[in-house]
Amino acid sequence: MIALLDGNNFYASCERVFRPSLNGRPLVVLSNNDGCAIARSEEAKALGIKMGAPYFQIRHLEDQAGLVALSANFALYGDMSDRMMSLAAGLGHRQEIYSIDECFIDLAGIPGDLALRAQKIQARIRQWIGIPTCIGMAPTKTLAKLANHIAKSAERKPGHYPPEFAQVCQWPSVHDATHHHLLQATPVGEVWGVGPRLTQQLHEAGIITALDLSRADPNTIQRRWSIVLAKTVRELNGTACLSLDEVPAEKQQIACTRSFGQTVTELSDLLEAITEFASRAAEKLRKQGSQAGQVMAFIRTSPFRANDKQHSAYPTIPLPAPTSDTAHITEVACAIVRHLYKKGHRYAKAGVMLMDLQPARHEQMCLALGENMPASRHRLMTALDNVNHRFGRGTLHLASAGTAGKQRHWEMKQARKTPGYTTDWKALVVCTSV
DNA sequence: TCTGGGGTCCTAGGACCC
DNA sequence: TCTGGGGTCCTAGGACCC
(Lines give C-alpha, C1' and ligand atoms only; values in the text may rest on other atoms or scores of the structure.)
Protein backbone atom coordinates (compact mmCIF):
# COMPACT_ATOMS: atom_id res chain seq x y z
CA MET A 1 0.00 0.00 0.00
CA ILE A 2 1.23 3.46 -0.93
CA ALA A 3 0.03 6.81 0.39
CA LEU A 4 0.15 10.13 -1.40
CA LEU A 5 -0.03 13.12 0.92
CA ASP A 6 -0.22 16.66 -0.40
CA GLY A 7 -0.84 20.13 0.94
CA ASN A 8 -4.07 21.74 -0.24
CA ASN A 9 -3.47 24.87 -2.34
CA PHE A 10 -0.02 24.74 -0.81
CA TYR A 11 1.42 28.21 -1.43
CA ALA A 12 -1.86 29.89 -0.54
CA SER A 13 -2.10 27.81 2.63
CA CYS A 14 1.48 28.77 3.62
CA GLU A 15 0.61 32.46 3.36
CA ARG A 16 -2.54 31.97 5.43
CA VAL A 17 -0.61 30.41 8.30
CA PHE A 18 0.99 33.77 8.99
CA ARG A 19 -1.92 35.96 7.99
CA PRO A 20 -5.10 34.33 9.30
CA SER A 21 -7.05 37.37 8.09
CA LEU A 22 -6.71 35.80 4.62
CA ASN A 23 -8.83 32.82 5.67
CA GLY A 24 -12.12 32.74 3.81
CA ARG A 25 -10.94 35.30 1.26
CA PRO A 26 -10.09 34.62 -2.39
CA LEU A 27 -6.29 34.44 -2.51
CA VAL A 28 -3.79 33.80 -5.29
CA VAL A 29 -0.02 33.50 -5.23
CA LEU A 30 1.67 34.90 -8.33
CA SER A 31 4.60 33.52 -10.30
CA ASN A 32 7.90 35.36 -10.55
CA ASN A 33 7.49 38.88 -11.91
CA ASP A 34 3.94 38.81 -10.54
CA GLY A 35 3.07 37.30 -13.90
CA CYS A 36 0.33 34.73 -13.39
CA ALA A 37 -1.54 32.83 -10.70
CA ILE A 38 0.30 29.67 -9.66
CA ALA A 39 -1.71 28.85 -6.53
CA ARG A 40 -5.33 29.60 -5.68
CA SER A 41 -7.41 29.28 -2.57
CA GLU A 42 -10.79 27.53 -2.89
CA GLU A 43 -12.48 30.95 -2.89
CA ALA A 44 -10.26 32.07 -5.78
CA LYS A 45 -11.10 28.90 -7.72
CA ALA A 46 -14.79 29.60 -7.08
CA LEU A 47 -14.31 33.00 -8.75
CA GLY A 48 -13.34 31.11 -11.90
CA ILE A 49 -9.62 31.97 -11.76
CA LYS A 50 -7.74 29.34 -13.74
CA MET A 51 -4.30 27.94 -12.99
CA GLY A 52 -1.79 30.15 -14.80
CA ALA A 53 -4.22 33.02 -15.36
CA PRO A 54 -2.26 36.22 -16.12
CA TYR A 55 -2.46 38.67 -13.26
CA PHE A 56 -3.52 41.59 -15.45
CA GLN A 57 -6.58 39.61 -16.47
CA ILE A 58 -7.75 38.94 -12.92
CA ARG A 59 -6.61 42.15 -11.27
CA HIS A 60 -10.09 43.69 -11.47
CA LEU A 61 -11.28 41.04 -9.01
CA GLU A 62 -9.30 42.76 -6.28
CA ASP A 63 -11.86 45.57 -6.24
CA GLN A 64 -14.84 43.55 -7.37
CA ALA A 65 -14.49 40.47 -5.20
CA GLY A 66 -11.88 41.22 -2.55
CA LEU A 67 -9.21 39.09 -4.25
CA VAL A 68 -5.80 39.20 -2.58
CA ALA A 69 -2.76 38.57 -4.83
CA LEU A 70 0.67 37.94 -3.30
CA SER A 71 4.13 37.62 -4.87
CA ALA A 72 5.65 34.15 -4.52
CA ASN A 73 7.87 33.66 -1.47
CA PHE A 74 9.61 30.43 -2.42
CA ALA A 75 12.03 30.47 0.51
CA LEU A 76 9.06 30.44 2.88
CA TYR A 77 7.27 27.65 0.99
CA GLY A 78 10.43 25.54 0.93
CA ASP A 79 10.83 25.84 4.66
CA MET A 80 7.16 25.06 5.33
CA SER A 81 7.52 22.07 3.01
CA ASP A 82 10.46 20.70 5.02
CA ARG A 83 8.39 20.88 8.19
CA MET A 84 5.36 19.24 6.59
CA MET A 85 7.48 16.45 5.05
CA SER A 86 9.15 15.55 8.32
CA LEU A 87 5.74 15.02 9.96
CA ALA A 88 4.35 13.20 6.92
CA ALA A 89 7.27 10.75 7.11
CA GLY A 90 5.71 9.40 10.31
CA LEU A 91 3.01 7.72 8.24
CA GLY A 92 5.23 4.84 7.09
CA HIS A 93 8.73 3.46 6.72
CA ARG A 94 9.89 5.02 3.48
CA GLN A 95 9.14 8.41 1.94
CA GLU A 96 9.65 9.81 -1.54
CA ILE A 97 9.42 13.59 -1.65
CA TYR A 98 7.87 14.04 -5.05
CA SER A 99 7.44 17.81 -5.17
CA ILE A 100 7.37 20.78 -2.84
CA ASP A 101 3.89 19.86 -1.62
CA GLU A 102 3.58 16.10 -2.23
CA CYS A 103 5.14 12.91 -0.99
CA PHE A 104 4.60 9.20 -1.48
CA ILE A 105 4.90 7.00 1.58
CA ASP A 106 5.29 3.24 1.61
CA LEU A 107 2.78 1.70 4.03
CA ALA A 108 3.97 -1.88 3.59
CA GLY A 109 4.05 -3.67 6.91
CA ILE A 110 2.20 -0.96 8.82
CA PRO A 111 -0.33 -2.69 11.07
CA GLY A 112 -3.73 -1.43 12.17
CA ASP A 113 -6.27 0.91 10.66
CA LEU A 114 -4.45 2.89 7.97
CA ALA A 115 -7.22 5.43 7.47
CA LEU A 116 -7.19 6.25 11.17
CA ARG A 117 -3.42 6.56 11.14
CA ALA A 118 -3.61 8.90 8.15
CA GLN A 119 -6.18 11.07 9.91
CA LYS A 120 -3.90 11.40 12.91
CA ILE A 121 -0.94 12.51 10.81
CA GLN A 122 -3.21 14.91 8.96
CA ALA A 123 -4.43 16.44 12.21
CA ARG A 124 -0.87 16.76 13.49
CA ILE A 125 0.29 18.58 10.35
CA ARG A 126 -2.72 20.86 10.61
CA GLN A 127 -2.06 21.65 14.24
CA TRP A 128 1.73 21.92 14.26
CA ILE A 129 2.36 23.43 10.81
CA GLY A 130 -1.03 24.93 9.97
CA ILE A 131 -1.34 23.32 6.54
CA PRO A 132 -4.48 21.40 5.48
CA THR A 133 -3.70 18.19 3.59
CA CYS A 134 -5.36 15.35 1.72
CA ILE A 135 -4.18 11.73 1.73
CA GLY A 136 -4.87 8.98 -0.80
CA MET A 137 -3.90 5.36 -0.17
CA ALA A 138 -3.84 2.57 -2.76
CA PRO A 139 -1.79 -0.40 -4.01
CA THR A 140 0.04 1.64 -6.70
CA LYS A 141 1.33 5.18 -7.14
CA THR A 142 -1.13 5.97 -9.93
CA LEU A 143 -4.08 4.77 -7.82
CA ALA A 144 -2.74 6.63 -4.77
CA LYS A 145 -2.69 9.80 -6.89
CA LEU A 146 -6.24 9.08 -7.95
CA ALA A 147 -7.31 8.40 -4.36
CA ASN A 148 -5.74 11.72 -3.37
CA HIS A 149 -7.65 13.47 -6.14
CA ILE A 150 -10.86 11.89 -4.84
CA ALA A 151 -10.05 12.92 -1.25
CA LYS A 152 -9.77 16.53 -2.47
CA SER A 153 -12.79 16.44 -4.80
CA ALA A 154 -15.08 14.70 -2.31
CA GLU A 155 -14.40 17.57 0.07
CA ARG A 156 -14.82 20.32 -2.55
CA LYS A 157 -17.71 18.91 -4.56
CA PRO A 158 -19.84 16.74 -2.32
CA GLY A 159 -22.16 14.58 -4.37
CA HIS A 160 -19.68 13.60 -7.06
CA TYR A 161 -17.80 11.10 -4.90
CA PRO A 162 -18.93 9.40 -1.67
CA PRO A 163 -18.49 11.92 1.20
CA GLU A 164 -16.68 9.40 3.42
CA PHE A 165 -13.68 9.70 1.07
CA ALA A 166 -13.19 13.40 1.82
CA GLN A 167 -9.67 14.31 3.06
CA VAL A 168 -8.55 10.69 3.46
CA CYS A 169 -9.36 8.17 0.73
CA GLN A 170 -8.37 4.55 1.09
CA TRP A 171 -8.80 2.89 -2.28
CA PRO A 172 -11.40 0.10 -2.13
CA SER A 173 -10.38 -3.42 -3.11
CA VAL A 174 -10.89 -4.49 -6.72
CA HIS A 175 -13.75 -6.75 -5.69
CA ASP A 176 -15.62 -3.88 -4.10
CA ALA A 177 -18.32 -2.26 -6.24
CA THR A 178 -17.04 1.14 -5.12
CA HIS A 179 -13.78 0.50 -6.99
CA HIS A 180 -15.74 0.37 -10.23
CA HIS A 181 -17.80 3.40 -9.29
CA LEU A 182 -14.82 5.61 -8.44
CA LEU A 183 -13.06 4.82 -11.71
CA GLN A 184 -16.23 5.47 -13.65
CA ALA A 185 -16.82 8.81 -11.94
CA THR A 186 -13.30 10.00 -12.86
CA PRO A 187 -12.61 11.59 -16.26
CA VAL A 188 -9.58 10.01 -17.95
CA GLY A 189 -7.79 13.38 -17.99
CA GLU A 190 -7.58 13.32 -14.18
CA VAL A 191 -5.38 10.21 -14.27
CA TRP A 192 -1.73 10.88 -13.45
CA GLY A 193 0.28 10.85 -16.69
CA VAL A 194 -2.67 11.67 -18.95
CA GLY A 195 -2.32 15.28 -20.10
CA PRO A 196 -4.41 17.39 -22.48
CA ARG A 197 -3.03 15.84 -25.68
CA LEU A 198 -3.51 12.25 -24.58
CA THR A 199 -6.97 13.09 -23.24
CA GLN A 200 -8.00 14.26 -26.67
CA GLN A 201 -6.55 11.22 -28.42
CA LEU A 202 -8.10 8.84 -25.89
CA HIS A 203 -11.49 10.51 -26.31
CA GLU A 204 -11.23 9.93 -30.04
CA ALA A 205 -10.62 6.27 -29.28
CA GLY A 206 -13.73 6.17 -27.08
CA ILE A 207 -11.82 6.13 -23.79
CA ILE A 208 -13.59 8.72 -21.67
CA THR A 209 -13.29 7.67 -18.03
CA ALA A 210 -10.57 6.16 -15.86
CA LEU A 211 -12.63 2.97 -15.95
CA ASP A 212 -12.43 2.86 -19.76
CA LEU A 213 -8.66 3.27 -19.59
CA SER A 214 -8.29 0.60 -16.91
CA ARG A 215 -10.17 -1.84 -19.18
CA ALA A 216 -8.03 -1.18 -22.24
CA ASP A 217 -5.50 -3.80 -23.30
CA PRO A 218 -2.02 -2.65 -22.20
CA ASN A 219 -0.34 -4.18 -25.27
CA THR A 220 -2.65 -2.35 -27.65
CA ILE A 221 -2.13 0.86 -25.66
CA GLN A 222 1.65 0.42 -25.87
CA ARG A 223 1.53 -0.14 -29.63
CA ARG A 224 -0.73 2.83 -30.30
CA TRP A 225 0.72 5.23 -27.69
CA SER A 226 3.67 4.38 -25.49
CA ILE A 227 5.03 2.16 -22.80
CA VAL A 228 4.39 4.97 -20.33
CA LEU A 229 0.64 4.86 -20.90
CA ALA A 230 0.66 1.05 -20.86
CA LYS A 231 2.18 1.20 -17.38
CA THR A 232 -0.56 3.61 -16.35
CA VAL A 233 -3.16 1.05 -17.44
CA ARG A 234 -1.47 -1.67 -15.39
CA GLU A 235 -1.17 0.62 -12.37
CA LEU A 236 -4.89 1.40 -12.57
CA ASN A 237 -5.48 -2.33 -12.24
CA GLY A 238 -3.35 -2.59 -9.13
CA THR A 239 -0.11 -3.84 -10.69
CA ALA A 240 2.74 -1.64 -9.46
CA CYS A 241 5.02 -0.49 -12.30
CA LEU A 242 6.42 2.63 -10.67
CA SER A 243 8.73 2.21 -7.70
CA LEU A 244 9.15 4.48 -4.72
CA ASP A 245 12.40 6.47 -4.95
CA GLU A 246 13.60 7.50 -1.53
CA VAL A 247 16.80 9.07 -2.79
CA PRO A 248 16.20 11.75 -5.40
CA ALA A 249 18.11 11.04 -8.59
CA GLU A 250 20.91 13.42 -9.50
CA LYS A 251 19.79 16.11 -11.89
CA GLN A 252 20.80 15.62 -15.50
CA GLN A 253 20.48 19.31 -16.25
CA ILE A 254 20.44 22.41 -14.12
CA ALA A 255 18.91 25.67 -15.26
CA CYS A 256 18.39 29.23 -14.14
CA THR A 257 16.11 31.27 -16.38
CA ARG A 258 14.10 34.43 -15.69
CA SER A 259 11.74 36.84 -17.34
CA PHE A 260 12.78 40.45 -16.80
CA GLY A 261 10.75 42.96 -14.81
CA GLN A 262 10.80 45.15 -17.92
CA THR A 263 12.14 44.54 -21.40
CA VAL A 264 15.85 45.06 -21.96
CA THR A 265 17.53 46.48 -25.06
CA GLU A 266 21.14 47.01 -23.95
CA LEU A 267 23.79 44.30 -24.17
CA SER A 268 25.32 45.43 -20.88
CA ASP A 269 22.08 44.69 -19.03
CA LEU A 270 21.78 41.28 -20.67
CA LEU A 271 25.34 40.39 -19.67
CA GLU A 272 24.61 41.41 -16.09
CA ALA A 273 21.54 39.18 -16.00
CA ILE A 274 23.33 36.26 -17.66
CA THR A 275 26.18 36.54 -15.16
CA GLU A 276 23.69 36.29 -12.34
CA PHE A 277 21.88 33.30 -13.88
CA ALA A 278 25.11 31.47 -14.71
CA SER A 279 26.35 32.04 -11.15
CA ARG A 280 23.14 30.65 -9.67
CA ALA A 281 23.23 27.64 -11.96
CA ALA A 282 26.89 26.95 -11.12
CA GLU A 283 26.06 27.19 -7.41
CA LYS A 284 23.29 24.58 -7.80
CA LEU A 285 25.71 22.46 -9.81
CA ARG A 286 28.30 22.47 -7.01
CA LYS A 287 25.63 21.76 -4.43
CA GLN A 288 24.86 18.54 -6.29
CA GLY A 289 28.58 17.74 -6.51
CA SER A 290 28.61 17.78 -10.30
CA GLN A 291 30.45 19.37 -13.17
CA ALA A 292 28.97 20.46 -16.48
CA GLY A 293 30.23 19.40 -19.90
CA GLN A 294 28.05 21.79 -21.87
CA VAL A 295 26.61 25.26 -21.40
CA MET A 296 23.46 26.57 -23.06
CA ALA A 297 22.51 30.24 -22.88
CA PHE A 298 19.61 32.07 -24.46
CA ILE A 299 17.95 35.44 -24.78
CA ARG A 300 14.49 35.95 -26.19
CA THR A 301 11.90 38.60 -26.93
CA SER A 302 8.31 38.27 -25.72
CA PRO A 303 6.02 36.24 -28.00
CA PHE A 304 3.08 38.08 -26.40
CA ARG A 305 4.22 41.41 -27.83
CA ALA A 306 2.90 40.85 -31.31
CA ASN A 307 4.18 44.19 -32.61
CA ASP A 308 7.77 43.66 -31.46
CA LYS A 309 10.44 42.25 -33.73
CA GLN A 310 10.94 38.68 -32.49
CA HIS A 311 14.26 37.03 -31.82
CA SER A 312 15.32 33.98 -29.87
CA ALA A 313 18.06 31.37 -30.04
CA TYR A 314 19.30 28.64 -27.73
CA PRO A 315 22.84 27.58 -28.67
CA THR A 316 24.79 25.00 -26.69
CA ILE A 317 28.57 25.10 -26.35
CA PRO A 318 30.61 22.06 -25.27
CA LEU A 319 33.32 22.84 -22.73
CA PRO A 320 36.90 21.65 -23.31
CA ALA A 321 36.70 19.92 -19.93
CA PRO A 322 33.87 19.59 -17.39
CA THR A 323 33.82 22.34 -14.79
CA SER A 324 31.78 23.82 -11.96
CA ASP A 325 33.76 27.07 -11.92
CA THR A 326 31.39 30.06 -11.83
CA ALA A 327 33.83 32.29 -13.69
CA HIS A 328 34.43 29.78 -16.44
CA ILE A 329 30.76 28.98 -16.95
CA THR A 330 29.83 32.68 -16.89
CA GLU A 331 32.49 33.47 -19.47
CA VAL A 332 31.05 30.92 -21.87
CA ALA A 333 27.45 32.03 -21.24
CA CYS A 334 28.37 35.68 -21.80
CA ALA A 335 30.22 34.82 -25.00
CA ILE A 336 27.08 33.12 -26.29
CA VAL A 337 24.92 36.13 -25.47
CA ARG A 338 27.38 38.60 -27.04
CA HIS A 339 27.17 36.51 -30.17
CA LEU A 340 23.35 36.30 -30.09
CA TYR A 341 22.59 39.91 -29.22
CA LYS A 342 20.95 42.01 -31.91
CA LYS A 343 20.50 45.72 -31.37
CA GLY A 344 16.97 47.07 -31.52
CA HIS A 345 15.17 44.09 -29.97
CA ARG A 346 13.26 44.26 -26.72
CA TYR A 347 14.42 41.21 -24.80
CA ALA A 348 12.03 39.80 -22.21
CA LYS A 349 13.73 36.69 -20.91
CA ALA A 350 17.13 35.03 -20.64
CA GLY A 351 18.65 31.98 -19.05
CA VAL A 352 21.49 29.54 -18.65
CA MET A 353 21.27 25.75 -18.67
CA LEU A 354 24.06 23.37 -17.68
CA MET A 355 24.07 19.97 -19.34
CA ASP A 356 26.07 16.79 -19.77
CA LEU A 357 26.48 16.71 -15.99
CA GLN A 358 28.95 14.34 -14.38
CA PRO A 359 30.26 13.79 -10.87
CA ALA A 360 33.02 16.18 -9.83
CA ARG A 361 36.36 14.49 -9.16
CA HIS A 362 38.57 16.60 -7.03
CA GLU A 363 41.71 14.65 -7.78
CA GLN A 364 41.23 14.47 -11.48
CA MET A 365 43.91 12.58 -13.38
CA CYS A 366 45.22 14.97 -15.94
CA LEU A 367 45.19 12.97 -19.14
CA ALA A 368 42.62 15.08 -20.92
CA LEU A 369 43.74 17.52 -23.56
CA GLY A 370 41.59 20.32 -22.18
CA GLU A 371 42.54 21.94 -18.92
CA ASN A 372 40.83 20.45 -15.90
CA MET A 373 39.53 22.44 -13.02
CA PRO A 374 42.52 22.85 -10.71
CA ALA A 375 42.24 22.26 -6.97
CA SER A 376 42.78 25.94 -6.23
CA ARG A 377 39.62 26.80 -8.16
CA HIS A 378 37.69 24.18 -6.22
CA ARG A 379 38.83 25.83 -3.00
CA LEU A 380 37.87 29.26 -4.31
CA MET A 381 34.38 28.06 -5.26
CA THR A 382 33.92 26.39 -1.88
CA ALA A 383 34.88 29.65 -0.15
CA LEU A 384 32.46 31.58 -2.38
CA ASP A 385 29.61 29.21 -1.51
CA ASN A 386 30.41 29.29 2.20
CA VAL A 387 30.44 33.10 2.34
CA ASN A 388 27.17 33.36 0.41
CA HIS A 389 25.54 30.69 2.53
CA ARG A 390 26.52 32.43 5.74
CA PHE A 391 25.96 36.07 4.79
CA GLY A 392 23.25 35.74 2.16
CA ARG A 393 23.05 35.13 -1.55
CA GLY A 394 25.01 37.59 -3.64
CA THR A 395 27.32 38.75 -0.83
CA LEU A 396 30.24 37.65 -3.02
CA HIS A 397 29.66 37.75 -6.75
CA LEU A 398 31.37 38.38 -10.06
CA ALA A 399 31.76 42.06 -10.89
CA SER A 400 29.98 41.52 -14.20
CA ALA A 401 26.77 40.82 -12.28
CA GLY A 402 26.63 44.54 -11.57
CA THR A 403 28.12 46.70 -8.87
CA ALA A 404 26.53 48.17 -5.78
CA GLY A 405 24.32 51.15 -6.45
CA LYS A 406 23.99 50.47 -10.16
CA GLN A 407 20.38 50.00 -11.13
CA ARG A 408 19.43 46.57 -12.45
CA HIS A 409 16.93 47.28 -15.18
CA TRP A 410 16.16 43.61 -15.64
CA GLU A 411 15.39 42.69 -12.05
CA MET A 412 12.10 40.91 -11.56
CA LYS A 413 9.01 42.50 -10.07
CA GLN A 414 7.82 41.23 -6.73
CA ALA A 415 5.61 44.01 -5.53
CA ARG A 416 3.59 42.00 -3.00
CA LYS A 417 6.01 39.68 -1.33
CA THR A 418 5.28 38.68 2.24
CA PRO A 419 8.09 38.51 4.84
CA GLY A 420 10.22 35.38 5.25
CA TYR A 421 8.44 34.54 8.49
CA THR A 422 10.44 31.38 9.10
CA THR A 423 13.55 32.03 7.02
CA ASP A 424 14.73 35.48 8.10
CA TRP A 425 15.59 36.49 11.68
CA LYS A 426 14.32 40.00 11.06
CA ALA A 427 10.94 38.71 9.88
CA LEU A 428 10.12 36.40 12.77
CA VAL A 429 6.57 36.79 13.98
CA VAL A 430 6.54 38.73 17.23
CA CYS A 431 3.77 38.28 19.72
CA THR A 432 2.85 41.74 20.95
CA SER A 433 0.12 40.94 23.46
CA VAL A 434 0.54 38.39 26.18
C1' DT B 1 1.22 48.28 -19.81
C1' DC B 2 0.79 43.42 -17.98
C1' DT B 3 1.52 36.23 -19.65
C1' DG B 4 6.70 31.52 -14.58
C1' DG B 5 10.38 28.29 -13.84
C1' DG B 6 11.95 24.15 -13.33
C1' DG B 7 12.37 19.27 -14.60
C1' DT B 8 11.69 14.08 -16.69
C1' DC B 9 11.10 10.33 -20.10
C1' DC B 10 10.18 8.31 -24.67
C1' DT B 11 10.39 7.92 -29.69
C1' DA B 12 11.71 8.41 -34.37
C1' DG B 13 15.07 9.16 -37.53
C1' DG B 14 19.69 9.97 -39.12
C1' DA B 15 24.67 9.12 -38.92
C1' DC B 16 27.80 5.89 -38.42
C1' DC B 17 29.98 1.29 -37.52
C1' DC B 18 31.28 -3.58 -38.91
C1' DT C 1 17.31 -7.84 -63.69
C1' DC C 2 19.60 -8.44 -59.18
C1' DT C 3 22.65 -4.47 -54.12
C1' DG C 4 22.39 -7.22 -46.36
C1' DG C 5 21.78 -7.24 -41.72
C1' DG C 6 22.45 -5.81 -37.35
C1' DG C 7 23.90 -2.72 -34.14
C1' DT C 8 24.92 1.93 -31.34
C1' DC C 9 24.78 6.72 -30.45
C1' DC C 10 22.98 11.24 -30.82
C1' DT C 11 19.49 14.75 -31.48
C1' DA C 12 15.12 16.98 -31.96
C1' DG C 13 10.65 17.03 -30.79
C1' DG C 14 6.72 15.77 -28.18
C1' DA C 15 4.46 14.57 -24.18
C1' DC C 16 4.09 14.72 -19.30
C1' DC C 17 4.75 16.48 -14.23
C1' DC C 18 4.56 20.22 -10.32
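Per chain, numbering begins at 1; letters A, B, ... match sequence-line order.
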S.K.: Can you measure A/Arg280 atom CZ to B/dG4 atom P for me and round it to whole angstrom units?
M.R.: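 Computing the A/Arg280:CZ to B/dG4:P distance gives 20 Å.
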S.K.: Under 4.0 Å between any heavy atoms, over every strand shown, what does A/Asn32 touch: base, sugar-phosphate, or nothing? Just pick one.
M.R.: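 The answer is sugar-phosphate, as A/Asn32 gets under 4.0 Å only of primed atoms, P, OP1 or OP2.
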S.K.: Tell me: CE of A/Met296 to P of B/dG7, nearest whole Å?
M.R.: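 Spelled out: CE on A/Met296 to P on B/dG7 is 11 Å.
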S.K.: Let me know, please, whether A/Met51 or A/Ala255 comes out on the 5' side of the other along DNA chain B by nearest nucleotide.
M.R.: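 Going by which nucleotide is closer to the 5' end, it is A/Met51.
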S.K.: Does A/Thr257 have a side-chain nitrogen or oxygen under 4.0 Å from the phosphate oxygens OP1 or OP2 of B/dG6?
M.R.: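 Affirmative; the distance criterion is met.
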S.K.: Of all the choices, B/dG5, C/dC18, C/dA15, which nucleotide is nearest to the side chain of A/Asp101 once you look at every atom?
M.R.: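 For the A/Asp101 side chain, the nearest candidate turns out to be C/dC18.
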S.K.: With respect to the side chain of A/Lys284, which nucleotide from B/dG7, C/dC18, B/dT3 is positioned closest?
M.R.: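 Taking heavy atoms from C-beta onward, the closest nucleotide is B/dG7.
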S.K.: Counting only side-chain N and O atoms of A/Lys349, is one of them less than 4.0 Å from OP1 or OP2 of B/dG5?
M.R.: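 The answer is yes; a side-chain N or O of A/Lys349 sits under 4.0 Å from OP1 or OP2.
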S.K.: Is A/Ser226 close enough to B/dC9 that one of its side-chain N or O atoms is under 4.0 Å from OP1 or OP2 there?
M.R.: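 Result: no.
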S.K.: Verify the contact: side-chain N or O of A/Gln252 to OP1 or OP2 of B/dC9, cut-off strictly under 4.0 Å; return yes or no.
M.R.: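 A/Gln252 to B/dC9 OP1/OP2: side-chain N or O found under 4.0 Å.
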S.K.: List in numerical order all residues of residues 52-65 of chain A for which some heavy atom is under 4.0 Å away from an atom belonging to DNA chain B.
M.R.: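 Only A/Pro54, A/Phe56 qualify.
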S.K.: Distance from A/Thr316 atom OG1 to A/Met355 atom CE, nearest 0.5 Å?
M.R.: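 One finds 3.5 Å between OG1 of A/Thr316 and CE of A/Met355.
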S.K.: For the pair made of OH in A/Tyr314 and C1' in B/dG5, what is the distance, rounded to whole Å?
M.R.: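 Taking atom C1' of B/dG5 as the reference, OH of A/Tyr314 is at 13 Å.
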S.K.: Tell me the closest heavy-atom pair linking A/His378 and A/Ser324, and the distance in Å.
M.R.: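 Heavy-atom minimum between the residues: CE1-OG, 4.3 Å.
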S.K.: Looking only at side-chain N and O atoms, does A/Lys145 come under 4.0 Å of OP1 or OP2 in C/dC18?
M.R.: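 Yes.
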S.K.: In this structure, how many angstroms lie between the P atom of C/dC18 and the OH atom of A/Tyr77, rounded?
M.R.: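 Roughly 19 Å, once rounded to whole Å.
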S.K.: Looking at every heavy atom in both A/Gln95 and A/Ala89, which two are closest together, and how far apart are they?
M.R.: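 Nearest pair, atom of A/Gln95 first, then A/Ala89: OE1-CB, 3.4 Å.
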S.K.: In whole angstrom, give the distance that lies between atom CG of A/Leu242 and atom C1' of B/dT8.
M.R.: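 Atom CG in A/Leu242 sits about 13 Å away from atom C1' in B/dT8.
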S.K.: Checking salt bridge (charged side-chain N to carboxylate O under 4.0 Å, His left out) between A/Glu102 and each of A/Lys141, A/Lys152, A/Lys145, which is the one that passes?
M.R.: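 So the option named by the test is A/Lys145.
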S.K.: Separation of A/Asn148 atom CG from C/dC18 atom C1', in whole Å?
M.R.: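 Taking CG of A/Asn148 and C1' of C/dC18, I get 13 Å after rounding.
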S.K.: Over all strands shown, is A/Gln253 touching base, sugar-phosphate only, or nothing at heavy-atom distances under 4.0 angstrom?
M.R.: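 It contacts base atoms.
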S.K.: Evaluate the ring planes of A/Tyr11 and A/Tyr77, with Trp represented by its six-membered ring, and classify them as parallel (under 30°), tilted (30 to 60°) or perpendicular (over 60°).
M.R.: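 Parallel: the ring planes of A/Tyr11 and A/Tyr77 meet at under 30°.
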S.K.: Does the pair A/Glu43 and A/Ser41 meet the rule for a side-chain hydrogen bond (donor to acceptor under 3.5 Å, both in side chains), with working shown?
M.R.: CA-CA 5 Å; A/Glu43 298 80 2; A/Ser41 70; 3.0 Å; yes
S.K.: Do the charged groups of A/Glu62 and A/Arg59 touch, with an N to O distance under 4.0 Å?
M.R.: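 Salt bridge absent between A/Glu62 and A/Arg59.
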S.K.: Applying a 4.0 Å non-hydrogen cut-off, can you work out what A/Ile100 is touching in the nucleic acid: base, sugar-phosphate, or nothing?
M.R.: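 No contact.
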S.K.: Measure the distance from CD on A/Gln288 to P on B/dG6 and round it to the nearest whole Å.
M.R.: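 In whole Å, B/dG6 P lies 15 Å from A/Gln288 CD.
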S.K.: Closest to the A/Trp192 side chain: B/dG7, B/dC10, C/dC18?
M.R.: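 Side chain of A/Trp192 sits closest to C/dC18.
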S.K.: Quote, to the nearest angstrom, the C1' distance that separates B/dC17 from C/dG4.
M.R.: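 Rounded to whole Å, the distance is 14 Å.
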S.K.: Grab the CG-P distance between A/Leu229 and B/dC10 for me, whole Å please.
M.R.: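 Distance check: A/Leu229 CG to B/dC10 P gives 13 Å.
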S.K.: Using a heavy-atom cut-off of 4.0 Å across all strands, would you classify A/Pro303 as base, sugar-phosphate, or nothing?
M.R.: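 Contact class for A/Pro303: none.
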S.K.: Output the single nucleotide from B/dT11, B/dG4, B/dG5 whose closest atom is nearest the side chain of A/Ile227.
M.R.: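 From the listed options, B/dT11 comes nearest.
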S.K.: Closest nucleotide of DNA chain B for A/Glu250 versus for A/Ser31: which of these residues is on the 5' side?
M.R.: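 That would be A/Ser31.
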S.K.: Do the ring planes of A/Phe18 and A/Tyr421 sit parallel (below 30°), tilted (30 to 60°) or perpendicular (above 60°)?
M.R.: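 Answer is parallel, since the angle falls under 30°.
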S.K.: Can a donor-acceptor pair be found between the side chains of A/Asp34 and A/Ser71 at a distance below 3.5 Å?
M.R.: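 Judged by distance alone, the side chains do pair up.
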S.K.: Check every atom of B/dC10, B/dG5, B/dG7 against the side chain of A/Lys251 and return the nucleotide holding the closest atom.
M.R.: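 For the A/Lys251 side chain, the nearest candidate turns out to be B/dG7.
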S.K.: Please determine, for B/dC9, whether a Watson-Crick or G-U wobble partner exists with both distances under 3.5 Å, and give it or none.
M.R.: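 WC or wobble partner is C/dG14.
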